[in-house]
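One structure is given here, and the rest of the page talks about it.
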Amino acid sequence: MSEENNQYTFENPEYRATYWHTCSHVMAQAVKRLWPEVKLAIGPSIDEGWYYDMDAPFAFTPEHLEQIEGEMRKICKEKLKLERFELPRPEALTFMEERDEKYKVELINDLPEDAAISFYKQGEFTDLCAGPHLDSTGRIKGNALKLTACNAAYWRGDSSRETLQRIYGIAFPKKDELDEYLAKIEEAKKRDHRRLGKELGLFMLRDEGPGFPFFLPKGMTLKNTLLDYWRKVHKKYGYVEISTPIMLNRQLWERSGHWDHYKNNMYTTVIDEVDFAVKPMNCPGGMLVYASEPHSYRDLPLRVGEIGLVHRHELSGALHGLFRVRCFNQDDAHVFMTREQMQDVIQETVRLFDEVYSVFGLSYTIELSTMPEDHIGTVEEWERNQDILKAAITAMGKEFVINEGDGAFYGPKLDFHLADSLGRTWQCGTIQLDSQLPERFELEYTGEDGQKHRPVMIHRVVLGSIERFIGVITEHFAGAFPAWLAPVQVKLLPVTDRAAEYAAKVSAQLDAQGFRVEVDGRNEKIGKKIREATLEKVPFMLVVGDRDMENGTVSVRRRSGEDLGAMSLEDFAALLDGEVKEMTIK
RNA sequence: GCUGAUGUGGCUCAAUGGCAGAGCAUCUCACUCGUAAUGAGAAGGUUGUGGGUUCGAUUCCCACCAUCAGCUCCA
């Protein structure tokens, strides 16, 4: 297909965005027809569809959304031409002031001096907009659009300003495509880790501890398996492991800057009349470990890992299954180094990330987060460190986007985002470059010259939080974890209770070889046992009955339904062992 | 934290201003069975919590808690 042919199809992201953007205008027009008192804010197209933020004196309900959809269909049928025109600033302001559109007035006032102020008019409706747009509302397929949700959003993303109502919509050129899209969303919801976590017995959340997850036996096995792998791969990359206390005194947190810059998120208590804080980060403890003995330049870079349990007081409305919790384990590490080693260490860390993510088949996007308003250290230092991060990944040929002002208070960072089943992304890995804490803790090493020097450091996590990562991979694998990760790798299914003893013997042998095995010894039909083991997403089922007892075999079935037939226990163990090894460390 | 919605046995979901019901799971009994649900029976709930309205509230109202969607924030 030539590019020309592609221009006006949904394959073309620009056309798609234009289509959705025009949809947002049609939606705004429909709302203004139904409720002229509603004030309009902004209505862009997004990755999937569009939204429009509005200020209405009532709350939109699903019934309102249907009404709006109906009016939108009418507008599509009316085939209104979209006409662009520009106005000089004073006329533009008057235009919107007359219509009492205060948000539009604010937008116009904030446009740069020399900006062209453009409007799009369709029928009786005119909106401030840079465009581009379709040429007619008739281009939009009225029966292939749907308003999917209505939620709150702050005007200009500022939580101190007006709360607006954001209506989301999606549309396609054909009804079939809309139906397919909606079905896909429904399918994705089945992979939600909160649902699978319950179904598979991985974890639970209780009202008694909002945001504080409980790990159940299967989830704990998964977590431990993940940590075993983490330890192996970090050993390979030259890391050592430590553990630092969960609570430390106020003086330490003042020194690190957390007391001044992070206190809102910290849980504090008083012990023997002294303020203490539960750690929200592991770094200050790590600083104390580094400072506890002298270091030589020969020891650098020094890679110190810690699976650290941290607590952060997140806003109640931000909690989300395992993705956003108040208590989590970071697979943290601090790497101390000389200034000259910075770029190499960052690149080595990115290579470690690539190795880990590839084992799970995860792909990521990188964001470079720059200096926030609330920070420590000089602007020059920040810029220098930002440039090093940029140079390091650019040299590796990696793409990244800049996330302005989102760095940690002590330094800029590279964030690695992974997607969940609905395509929402969650920050997992991060590499944070820090020359502030070494300063504050007066860290030193002795150089080749015999003089004391100050090291710099990175804070980094690969998985991010073990909890969040478990959520991400649960959705990624739809609960069907590869054999090396599966909480139960093999389920023995005796056909009758005559085979119970044989099943126990086979189970014991596999267990002795380090495999995770369960026996379903219930007095149920084999079909039912298979069904349930399949729903539990156990990678291998071993059916054992009279025939197997006689021949000394096991009948192997995969959770996919594939029947591998009868084989000796040795052959099966070799097969399983192969699958486990294939997926883990190289 | 903000806006809106939701909250009924372990799970999924019904119902009603007047005795709260089903399926799955659980327990008991029978069946001993070869690749996605054997049958019968039993037990299990002060309808999230606390107030209010009412002769009577699970249902209506208020507050709180939690969850869900999004915003804000963030691993």
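First the proteins, then the strands, lettered A, B, ... as listed; each starts at 1.
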The residue among Q330(A), H334(A), H459(A) that forms side-chain hydrogen bond (donor to acceptor under 3.5 Å, both in side chains) with N282(A) is Q330(A)
What nucleic acid atoms does [X] come within less than 4.0 Å of, heavy atoms only: base, sugar-phosphate, or nothing?
| X | result |
| --- | --- |
| G545(A) | base |
| E467(A) | nothing |
| K413(A) | sugar-phosphate |
| N265(A) | nothing |
| K528(A) | sugar-phosphate |
| V461(A) | nothing |
| S159(A) | sugar-phosphate |
| L315(A) | base |

Partner of [N] by Watson-Crick or G-U wobble geometry, both contacts under 3.5 Å, or none?
| N | value |
| --- | --- |
| A75(B) | none |
| C24(B) | G10(B) |
| A63(B) | U49(B) |
| G70(B) | C2(B) |
| A57(B) | none |

Nearest whole angstrom, please: distance from the [atom2] of [N] to the [atom1] of [X].
| X | N | atom1 | atom2 | result |
| --- | --- | --- | --- | --- |
| N403(A) | A75(B) | CG | P | 11 Å |
| H311(A) | A75(B) | NE2 | C1' | 14 Å |
| R531(A) | A36(B) | CZ | C1' | 6 Å |
| D520(A) | A25(B) | CG | C1' | 14 Å |
| N264(A) | G1(B) | CG | C1' | 11 Å |
| R312(A) | U72(B) | CZ | C1' | 17 Å |
| M541(A) | G34(B) | CE | P | 18 Å |
| K529(A) | A36(B) | NZ | C1' | 14 Å |

Minimum heavy-atom separation for [X] and [Y], please, with both atom names.
| X | Y | result |
| --- | --- | --- |
| F515(A) | Q489(A) | CA-OE1, 3.4 Å |
| A28(A) | Y52(A) | CB-CE1, 3.6 Å |
| C428(A) | V461(A) | O-CG2, 3.6 Å |

Are OP1 or OP2 of U12(B) and a side-chain N or O of K198(A) less than 4.0 angstrom apart?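 For U12(B), OP1/OP2 do have a side-chain N/O of K198(A) under 4.0 Å.
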Between the base of G34(B) and the side chain of D548(A), is there a donor and acceptor pair under 3.5 angstrom?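 Side chain to base: pair present.
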Check if the side chain of N523(A) and the base of C33(B) share a donor-acceptor pair of N or O atoms closer than 3.5 Å.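 Yes, a donor-acceptor pair under 3.5 Å.
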Pair [X] + [Y]: basic N to acidic O under 4.0 Å:
| X | Y | answer |
| --- | --- | --- |
| E186(A) | K189(A) | yes |
| E475(A) | R424(A) | no |
| R312(A) | E314(A) | no |

Are F323(A) and H193(A) an aromatic pair, judged by ring center distance below 6.0 Å? yes
Would you please indicate if the ring centroids of W230(A) and F469(A) are separated by under 6.0 Å?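 That pair fails the under 6.0 Å test.
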Report the nucleotide, chosen from A37(B), A75(B), U35(B), that has the shortest atom-to-atom distance to any side-chain atom of V325(A). A75(B)
Which nucleotide sits closest to the side chain of D546(A): U32(B), U35(B), G34(B)? G34(B)
Pick the nucleotide of RNA chain B nearest each of L322(A) and E524(A); which residue has the one closer to the 5' end? E524(A)
When R156(A) and K525(A) are each assigned the nearest nucleotide of RNA chain B, the 5'-most assignment goes to K525(A)
Can a donor-acceptor pair be found between the side chains of [X] and [Y] at a distance below 3.5 Å?
| X | Y | result |
| --- | --- | --- |
| S24(A) | H21(A) | no |
| S369(A) | E367(A) | no |
| D55(A) | Y103(A) | yes |
| Y364(A) | D354(A) | yes |

[atom1] gap between [N] and [M], integer Å:
| N | M | atom1 | result |
| --- | --- | --- | --- |
| C68(B) | A36(B) | P | 36 Å |
| U47(B) | G18(B) | C1' | 16 Å |
| A14(B) | C24(B) | C1' | 15 Å |
| G41(B) | U54(B) | P | 46 Å |
| C62(B) | U53(B) | C1' | 11 Å |
| G44(B) | C60(B) | P | 29 Å |
| U35(B) | A43(B) | P | 36 Å |
| G48(B) | G9(B) | P | 7 Å |

What pairs of donor and acceptor atoms, side-chain ones from residues 212-225 of chain A against any protein atom, are under 3.5 angstrom apart with sequence neighbours left out?
{"unit_1": "T221(A)", "atom_1": "OG1", "unit_2": "P217(A)", "atom_2": "O", "d": "3.0"}
{"unit_1": "N224(A)", "atom_1": "ND2", "unit_2": "M220(A)", "atom_2": "O", "d": "3.4"}
{"unit_1": "T225(A)", "atom_1": "OG1", "unit_2": "T221(A)", "atom_2": "O", "d": "2.7"}

Once each nucleotide of nucleotides 63-70 of chain B is scored for protein heavy atoms under 4.0 Å, what B/S/- sequence comes out, 5' to 3'? ---SSSBB
Using 30° and 60° as the class limits, which term best fits the ring planes of Y357(A) and F416(A): parallel, tilted or perpendicular? tilted
Of residues 425-437 of chain A, the positions that come close to RNA chain B - non-hydrogen atoms, cut-off under 4.0 Å: Q427(A), C428(A)
Interface with RNA chain B, restricted to residues 551-559 of chain A and to heavy atoms under 4.0 Å: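 By residue number: S555(A), R557(A).
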Around atom CE of M247(A), are there more than 12 heavy atoms from other residues, nucleotides or ligands closer than 6.0 Å?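 Not buried by this count: 12 neighbours or fewer within 6.0 Å.
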Is it the case that more than 12 heavy atoms not belonging to E399(A) sit under 6.0 Å from its CD atom? no
Looking at residues at least two apart in the chain, or sitting in another chain, which of them share a side chain to side chain contact (heavy atoms under 4.5 Å, CB included) with R161(A)?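 With neighbours one apart ignored, the set is E106(A), W155(A), R156(A), D158(A).
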Distances under 3.5 Å between protein N/O atoms and the N/O atoms of nucleotides 8-10 of chain B, please, pair by pair.
none

